[in-house]
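Quick caveat: nothing in here was measured; it's all calculated off a predicted structure. Below, chains carry the letters A, B, ... as their sequence lines are ordered, and counting in each starts from 1.
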Protein chains: 2
Amino acid sequence: MVKITDVARHAGVSPSTVSYALSGKRPISEDTRQRIEASIRELGYRPHAGARALASSRSNVLALVIPFRTGIHVPVVMQFAVSVVTSARQHDHDVLLLTQEEGEEGLRRVADTALVDALIVMDVQLRDARLPLLRTLDRPSVLIGFPAEAAGLTCIDLDFAAAGGACVTHLAELGHRCVALVGSPPAVYLRQTGFAQRVTQGFTAAADERGLTSTVHPCEATPAAAQAMAERLLREHPELTGVVVHNEPVVQPLIEAFRRLGLRVPEDLSVVAICPDELAEQAPTPISSVAVPSAEVGTRAVELLMRKLDRLDVPEATLLPPRLTRRATTAPRGG
Amino acid sequence: MVKITDVARHAGVSPSTVSYALSGKRPISEDTRQRIEASIRELGYRPHAGARALASSRSNVLALVIPFRTGIHVPVVMQFAVSVVTSARQHDHDVLLLTQEEGEEGLRRVADTALVDALIVMDVQLRDARLPLLRTLDRPSVLIGFPAEAAGLTCIDLDFAAAGGACVTHLAELGHRCVALVGSPPAVYLRQTGFAQRVTQGFTAAADERGLTSTVHPCEATPAAAQAMAERLLREHPELTGVVVHNEPVVQPLIEAFRRLGLRVPEDLSVVAICPDELAEQAPTPISSVAVPSAEVGTRAVELLMRKLDRLDVPEATLLPPRLTRRATTAPRGG
DNA sequence: ATGAAAGCGCTAACAA
DNA sequence: TTGTTAGCGCTTTCAT
């Protein structure tokens, strides 16, 4: 194995000079830098990660804790993870993958062993058992999602309340007067995941504000549940002309169910989803939607973390404003 | 920060004794072990990962390289990743996530800096540019998938050829005489990903062997493509009564397309998929299928890697035998 | 602008 | 069964 002393000898300088040339933490004469770089290339030198971590107390590794349970749309998690890895690399960091299963002990372990410098925690619950731990940990963290009590923590997410509201506004502007929200599976509400409730709040508040009739319906993430939901909505709310869906796997089945029941989308019924743009675009009838910007959230989370590692100030809360794209599933009421 | 010398002092032993108590690499008297454990708990000691890696030249971290491109079913990748993380933890290892994008340089980086002890590479192509590198790297690796030339490498995957064959056999035993394979998107074949071609080979070979008429059709992973495919199959192959689908996003849309075209599934047309059991089970009509056992592949890959790290022998090739479960989409020909 | 040298916290020979 | 000690390869003060 080639080490820094080998490079130093080869370049005719001291090890510390090589180190400084690498880190840029002190000025190096152009000539010296050239020689060092040449030696590094020639010898194929790679600094030993462990030695570096030990000497500098920086591992240049971030932990990413991903969820893995019902009601979570897998592609969203995956896209998020990929964007975290990609952004982290741009900041010269790597990403260690942890599952929710590891729990608090897992977080403590990677933080206390100095395996990672900082943590990104996905799928934060309203009252998340990990919050007290994250507050006391000596390493910075960023949460995806907003717990009930976020003081002292750094959180980022799509502004789901505004997203729910934007959907209603869109429908209202198209003249719709009676709307329904088809939401996440009941389990998601039960475990108090903030985003599901926030959508509901934003949806209901916007509907009330504009004097629309509105109802909210959690829904299992299966085609069968979508079919049942469509039937029920038409039965119980004959006036219904606008539907907001916040449940990825159900968006397409729901539209198909409505069509099977004889409704034209968007002529008789407008549907707007809160889902990844990709899903909305690829549907047979492209779906009007508010984007769930996983990639952007990932990138921003990493940037926040980097600022924290540099001891710069960061906002406690970052709410990404919703972006609604009208596609082919919404139309003015009455055709 | 509590360090090993603190624990040693507190327990009245030497640092090496603490180290050995932790690693189990030499016998420790019951009494001493007790005291050490008590001290560790009392002081909240956690060994520093970097220091450990430096002293032992073992980081206890595995690299997992995941693919991220068209034609790859995201939930399969995700489930695989989760199972790798879970299994790795059972062997006291963590997992560093790398994307395919990082390419060979990424592999070299994490290996040469000793950031990881070993690597798992997903989505290996028939002629994969990373193979020569993996062969020369000083760290063990396991590939998911089989390249054209696998000598000197350790590979594992579902036996996709046998899977294709098992589907045909199932249909043949039900009396079907004319079958079609709806496969992965053309892009997957073009980039020479082994599994797509292996399914085709196994499918065709089994059909020929049993004297069935068979055709093969790559298919884009969209509902629209599924619809077009269904129409085309019925038009071009009126005798068709059995379909094998190896393209997750298309399975359900294809069944629906056939039904829209007036065919009953399974009475008029049997459909068997190669896909995760989860997908097959959750369909409105549970789908007969050969399981793509991502979780098992992940677990097995980690076990292979652990054996290699322990310098034990491992087979170069591990082909998991297909497991076909008959559900509600296959039936004897002619009802 | 550069060098010398003292650690960083741990493991594993070597010694007893 | 346990202790002593020399590194592991790097960063970073302190000097010059």
Side-chain angles (χ1 to χ4, degrees), chain A residues 1-37 39-40 43-61 92 109-117 138 309, chain B residues 1-37 39-40 43-61 92 109-117 138 309:
Chain A
M1 185 201 190
V2 183
K3 39 198 172 191
I4 201 168
T5 51
D6 299 327
V7 176
R9 194 176 326 111
H10 188 273
V13 297
S14 77
S16 61
T17 302
V18 177
S19 176
Y20 283 118
L22 246 24
S23 69
K25 287 189 183 171
R26 82 181 184 189
I28 304 285
S29 73
E30 189 49 30
D31 173 57
T32 308
R33 147 166 290 117
Q34 298 283 334
R35 286 208 321 286
I36 292 176
E37 277 169 10
S39 299
I40 288 178
L43 302 179
Y45 169 67
R46 300 276 191 170
H48 187 287
R52 240 181 186 183
L54 178 56
S56 67
S57 34
R58 279 297 200 99
S59 66
N60 275 35
V61 175
D92 193 31
R109 181 175 60 81
V110 297
D112 288 355
T113 59
L115 225 195
V116 306
D117 295 334
D138 56 335
L309 283 171
Chain B
M1 187 202 191
V2 183
K3 39 197 173 191
I4 201 168
T5 50
D6 298 326
V7 176
R9 195 177 324 112
H10 189 273
V13 296
S14 77
S16 63
T17 302
V18 177
S19 176
Y20 285 118
L22 246 25
S23 68
K25 287 188 182 173
R26 83 180 183 190
I28 303 285
S29 74
E30 188 49 29
D31 172 58
T32 308
R33 148 166 290 116
Q34 297 285 333
R35 287 210 319 285
I36 292 176
E37 277 169 10
S39 298
I40 288 178
L43 302 179
Y45 168 68
R46 300 277 192 171
H48 187 286
R52 243 183 183 179
L54 178 57
S56 67
S57 36
R58 280 298 200 99
S59 67
N60 275 34
V61 175
D92 194 31
R109 182 176 58 81
V110 296
D112 288 354
T113 59
L115 225 196
V116 306
D117 295 335
D138 56 334
L309 284 171

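- Taken from CG in A/Asp6 to CD1 in A/Ile40, the straight-line distance is 12.0 Å, to the nearest 0.5 Å.
- If you measure from atom CG of A/Leu22 to atom P of D/dG9, you get 16 Å, rounded to the nearest angstrom.
- For C/dT2, one of the phosphate oxygens OP1 or OP2 lies less than 4.0 angstrom from a side-chain nitrogen or oxygen of A/Ser29.
- If you take NZ on A/Lys3 and CG on A/Leu43, they are separated by 13.0 Å, rounding to the nearest 0.5 Å.
- Listed nucleotides: D/dT1, D/dG9, D/dG7. Nearest to the side chain of B/Ala55: D/dG7.
- Between the CD1 atom of A/Ile4 and the C1' atom of C/dT2 there is a distance of 14 Å, rounded to whole Å.
- For the pair A/Lys3 NZ and D/dC8 C1', the interatomic distance rounds to 8 Å; values are reported in whole Å.
- Considering only the side chain of A/Tyr20, D/dT12 comes nearest among C/dT2, D/dT11, D/dT12.
- At the heavy-atom level, A/Ser23 lies nowhere under 4.0 Å from the strands shown.
- Atom CD1 in B/Ile28 sits roughly 13 Å away from atom P in C/dA12 (whole-Å rounding).
- Going from atom CZ of B/Arg52 over to atom P of D/dG9 covers 18 Å, rounded to whole Å.
- The nucleotide whose nearest atom lies closest to any side-chain atom of A/Thr17 is, among D/dT2, D/dT11, C/dG3, C/dG3.
- To the nearest 0.5 Å, atoms OG (A/Ser57) and CE (B/Met1) are separated by 9.5 Å.
- Residue A/Ser19 is classed as a base contact, given a heavy-atom separation below 4.0 Å to a base.
- Under 4.0 angstrom from either OP1 or OP2 of D/dT12 there lies at least one side-chain N or O belonging to A/Lys25.
- Contact of B/Ser16 with D/dT4 (side chain to base): a donor-acceptor pair of N or O atoms is detected under 3.5 Å.
- Between the side chain of A/Arg9 and the base of C/dG3 there is no donor-acceptor pair of N/O atoms closer than 3.5 Å.
- The B/Ser56 side chain lies nearest to C/dT11 when the options are C/dT11, C/dA1, D/dC10.
- In this structure, B/Arg58 places its CZ atom 15 Å from C1' of D/dC8, rounding to the nearest Å.
- In this structure, the separation between CZ on B/Arg46 and CD1 on B/Ile4 is 14.5 Å, given to the nearest 0.5 Å.
- Within the structure, a side-chain polar atom (N or O) of A/Thr32 is placed less than 4.0 Å from OP1 or OP2 of C/dT2.
- A donor-acceptor pair shorter than 3.5 Å cannot be found between the side chains of B/Ser16 and B/Ser19.
- Within the structure, every side-chain polar atom (N or O) of B/Arg26 is placed at least 4.0 Å from both OP1 and OP2 of D/dT2.
- Note that CG of B/Leu22 is 11.5 Å distant from OG1 of B/Thr17, once rounded to the nearest 0.5 Å.
- One interatomic measurement links the two molecules: CG of A/Leu54 to C1' of D/dC10, which rounds to 8 Å at whole-angstrom precision.
- The CE atom of A/Met1 sits 18 Å away from the P atom of D/dG7 (whole-angstrom rounding).
- Proximity note for B/Ser14 (side chain, C-beta onward) versus D/dT4, D/dC10, C/dC10: the nearest is D/dT4.
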